Participant: 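This structure is in structure tokens; I'll ask about it shortly.
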2 protein chains.
Amino acid sequence: MSALTNAIEILRCFSSARPDLSFADVMALTGKPKSSTSRLLRSLRDCGLLEQDPHTRRYRPGLLTFELGRLHRAHDDLISMAERELREVCARTGHTGYIAVLDGYEQVVLRIVPGSNPLRVVNPPGQRTPALATSNGRAMLARLSDDDIRARVPATYPKLPRNSPQNFKQLITRLDEIRRTGVSEAADESIEGVGSQGFALKSGETGEMIGIAVSYSVQATTAAERANVRRELAAMAAKLRRLTGDPLDQDTARIQTGTR
Amino acid sequence: MSALTNAIEILRCFSSARPDLSFADVMALTGKPKSSTSRLLRSLRDCGLLEQDPHTRRYRPGLLTFELGRLHRAHDDLISMAERELREVCARTGHTGYIAVLDGYEQVVLRIVPGSNPLRVVNPPGQRTPALATSNGRAMLARLSDDDIRARVPATYPKLPRNSPQNFKQLITRLDEIRRTGVSEAADESIEGVGSQGFALKSGETGEMIGIAVSYSVQATTAAERANVRRELAAMAAKLRRLTGDPLDQDTARIQTGTR
DNA sequence: AAGGCAGTTCCAAATTTCGGAACCTTGTCC
DNA sequence: GGACAAGGTTCCGAAATTTGGAACTGCCTT
């Protein structure tokens with residue numbers, strides 16, 4: 001195991017649920033002996049990847065991660081183009097918009113567009129959630145082959161909220177529905193009372209894929225309003241697919257005929 | 001040289017001026033042989049610290065840095081308190097506010113508060129600049145001992161804009177002035193036509209230090225307006241020093257008597 | 001005074017990394 | 001179609017680093 005692997009193992013212990021860790025936390029989470037933890041933590045601190053609160057002595061991501069994080073896809077065409085369109089939809093509908101990328105079977109929020117409707121933002125940028133339990137996450141998964149999906153989902157299927165697919169078969173059924181209808185919807189999954197609709201966008205040039213969703217309160221919206229969101233999203237998807245040269249049709253054909 | 005050191009050396013090559021790098025760029029910037037660069041770049045990509053544009057093959061900071069960078073903001077206390085106060089001052093004066101931290105002889109922008117006056121924001125969060133050439137950067141340096149400052153400034157004094165201190169002696173003279181008057185001012189340094197005033201804030205509890213500045217167009221402000229900014233900043237500094245238990249007086253005494 | 005936390009330091013053994021050279025794959029130019 | 005460059009990958013023995021157990025330090029709380 002290389003020094004870098006060990007370092008990453010420590011860095012991956014941090015999350016929004018655990019934004020800072022004590023020496024003992026890191027030891028417990030990595031299962032490494034004290035001396036190794038000590039050395040590694042010191043290296044990470046010295047190089048700026050971690051910093052240490054001088055008062056509580058706890059460790060947290062450092063200045064270097066802040067700097068690099070600001071650089072991440074700072075001028076990514078696909079994302080900024082999608083963000084621009086999403087802003088307009090959110091301004092018209094008043095709902096909250098999200099842009100996320102897929103990482104394994106999880107997604108990470110990249111951008112958020114707060115709506116005018118009062119709905120607490122619970123998923124700030126950087127937030128990591130199972131893609132299986134969100135509308136845009138499933139929309140992204142739906143564009144992968146079943147084999148690829150199987151490779152991403154952990155051997156023991158994760159415990160998800162009530163309304164999310166509870167096993168691999170249910171997931172595939174749900175993804176097939178998205179592939180057929182082109183619509184991905186979620187309600188009362190990750191967060192009680194919150195629903196969303198989303199789609200996946202893939203650049204024809206770079207092949208990178210992002211998931212775009214609009215999120216709203218289930219109680220505070222009518223079926224007509226949700227249908228309006230569906231129309232808005234369909235129009236936005238069509239426009240963005242044209243602009244980015246999304247190879248959707250070829251993809252769908254390949255998946256349906258089982259090629260590749 | 002450890003694997004981690006090498007990895008960091010690569011990560012530090014990225015900046016807002018160079019948000020993505022090609023294989024050859026990295027080789028040139030680190031001076032490492034091809035095989036080492038290849039191995040390292042691959043490790044960094046595999047672990048998520050870097051990602052590679054599938055089209056251009058260039059490398060850029062990865063998803064992991066984005067996630068960790070968002071977490072870094074968790075260490076709020078001192079910064080959020082300062083940001084709240086700065087927002088009020090900027091709202092009243094219409095100028096742009098900055099909060100930065102010191103790292104070696106450079107500073108990194110953490111927060112920016114855009115003012116109502118039209119002044120293009122050229123220093124977004126994450127921006128790294130020599131602290132020697134900014135008002136809040138010098139204010140932070142002024143709170144260190146001369147020995148500490150000497151250790152931070154590179155052996156060959158960096159080339160700075162015309163109005164910044166041009167050598168170590170000029171720098172110390174300027175810092176002594178800040179120590180005496182408690183006021184740090186800059187004009188026409190990093191950016192032509194832009195001036196700023198700033199101060200340094202140090203938490204009595206944790207000892208962490210940040211630099212706070214208000215920035216304006218030199219041409220578009222009168223001497224009276226700049227005096228007003230000075231008053232606003234002095235009031236803000238006094239309030240924040242009280243709130244955070246800034247040990248300014250003791251520090252100054254220690255430096256002046258040469259203790260520690 | 002004892003005990004826990006958070007480290008640090010030591011050391012020989014085990015594992016990684018290092019860099020030069022040869023090889024491979026794509027895309028571009030002539 | 002062939003040459004060339006960019007951007008890598010793979011190989012290998014020598015050299016450097018990492019590893020983990022154990023003993024030792026401070027500091028703080030009980």
Side-chain angles (χ1 to χ4, degrees), chain A residues 1-14 18-62 73 77 203-208 245 247 260, chain B residues 1-14 18-62 74-75 203-208 245 247 260:
Chain A
M1 212 181 218
S2 75
L4 188 59
T5 317
N6 285 315
I8 296 303
E9 196 184 354
I10 290 185
L11 291 180
R12 289 213 181 270
C13 293
F14 294 89
R18 284 202 215 92
D20 61 355
L21 298 170
S22 69
F23 185 94
D25 290 341
V26 175
M27 260 182 71
L29 287 165
T30 60
K32 290 257 174 275
K34 216 155 91 146
S35 54
S36 306
T37 306
S38 172
R39 264 188 315 248
L40 220 32
L41 239 24
R42 187 189 354 191
S43 311
L44 287 169
R45 168 156 48 85
D46 289 351
C47 74
L49 242 25
L50 290 185
E51 48 187 49
Q52 189 173 22
D53 187 301
H55 186 56
T56 66
R57 323 224 61 191
R58 295 172 71 83
Y59 298 86
R60 60 182 175 225
R73 301 199 189 200
D77 281 351
S203 161
E205 197 175 354
T206 67
E208 64 178 321
R260 268 269 305 224
Chain B
M1 211 180 220
S2 75
L4 188 60
T5 316
N6 285 315
I8 296 303
E9 195 184 355
I10 291 185
L11 291 180
R12 290 211 183 270
C13 293
F14 294 89
R18 285 203 215 89
D20 60 356
L21 297 171
S22 69
F23 186 94
D25 290 340
V26 175
M27 259 182 73
L29 287 165
T30 61
K32 291 255 174 278
K34 216 155 99 149
S35 55
S36 306
T37 307
S38 172
R39 264 189 314 249
L40 221 31
L41 238 25
R42 193 206 327 209
S43 309
L44 287 170
R45 167 158 48 85
D46 289 351
C47 75
L49 242 24
L50 290 184
E51 45 187 55
Q52 189 174 22
D53 186 301
H55 186 57
T56 66
R57 325 224 61 194
R58 294 172 73 82
Y59 297 85
R60 62 182 177 220
H75 82 106
S203 162
E205 199 174 353
T206 67
E208 65 182 317
R260 269 271 304 238

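Here is how names work: the chains are called A, B, and so on, in the same order as the sequence lines, proteins then strands, and each is numbered from 1. On a predicted model such as this, the values are computed, not experimentally measured, just so you know.
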Participant: Looking only at N and O atoms, is any donor in the side chain of B/Arg39 or the base of C/dG19 less than 3.5 Å from an acceptor on the other one?
Facilitator: yes

Participant: Would the base of D/dG20 count as contacting A/Lys32 through its side chain, where contact means a donor and an acceptor less than 3.5 Å apart?
Facilitator: no

Participant: For the backbone of A/Phe23 and the side chain of A/Arg57, can you confirm whether one donor and one acceptor N or O come within less than 3.5 Å of each other?
Facilitator: no

Participant: Given atom CD of A/Gln52 and atom P of C/dT8, what is their separation to the nearest angstrom?
Facilitator: 8 Å

Participant: On a plain distance test, is the side chain of A/Lys34 in donor-acceptor contact with the base of C/dG7 below 3.5 Å?
Facilitator: yes

Participant: Can you check the A/Asp53 CG to C/dA6 P distance for me, whole Å?
Facilitator: 13 Å

Participant: Round to a whole Å and report the spacing from CZ of B/Phe23 to P of C/dT25.
Facilitator: 17 Å

Participant: For B/Ser35 and B/Ala24, take the nucleotide of DNA chain D holding the closest heavy atom to each; which residue's nucleotide lies nearer the 5' end?
Facilitator: B/Ala24

Participant: Can you work out whether B/Asn6 or A/Arg58 has the more 5'-proximal nearest nucleotide on DNA chain C?
Facilitator: A/Arg58

Participant: C/dT16 phosphate, OP1 or OP2: any side-chain N/O from A/Ser2 under 4.0 angstrom?
Facilitator: no

Participant: Contact class for B/Ser38 (heavy atom, under 4.0 Å): base, sugar-phosphate, or nothing?
Facilitator: base

Participant: Is any side-chain nitrogen or oxygen of A/Arg42 closer than 4.0 Å to OP1 or OP2 of C/dT9?
Facilitator: yes

Participant: Expressed in angstrom and rounded to an integer, what is the separation of B/His55 atom NE2 from D/dA6 atom C1'?
Facilitator: 15 Å

Participant: Check whether any side-chain N or O of A/Ser38 sits under 3.5 Å from a backbone N or O of A/Lys34 as a donor-acceptor pair, and report yes or no.
Facilitator: no

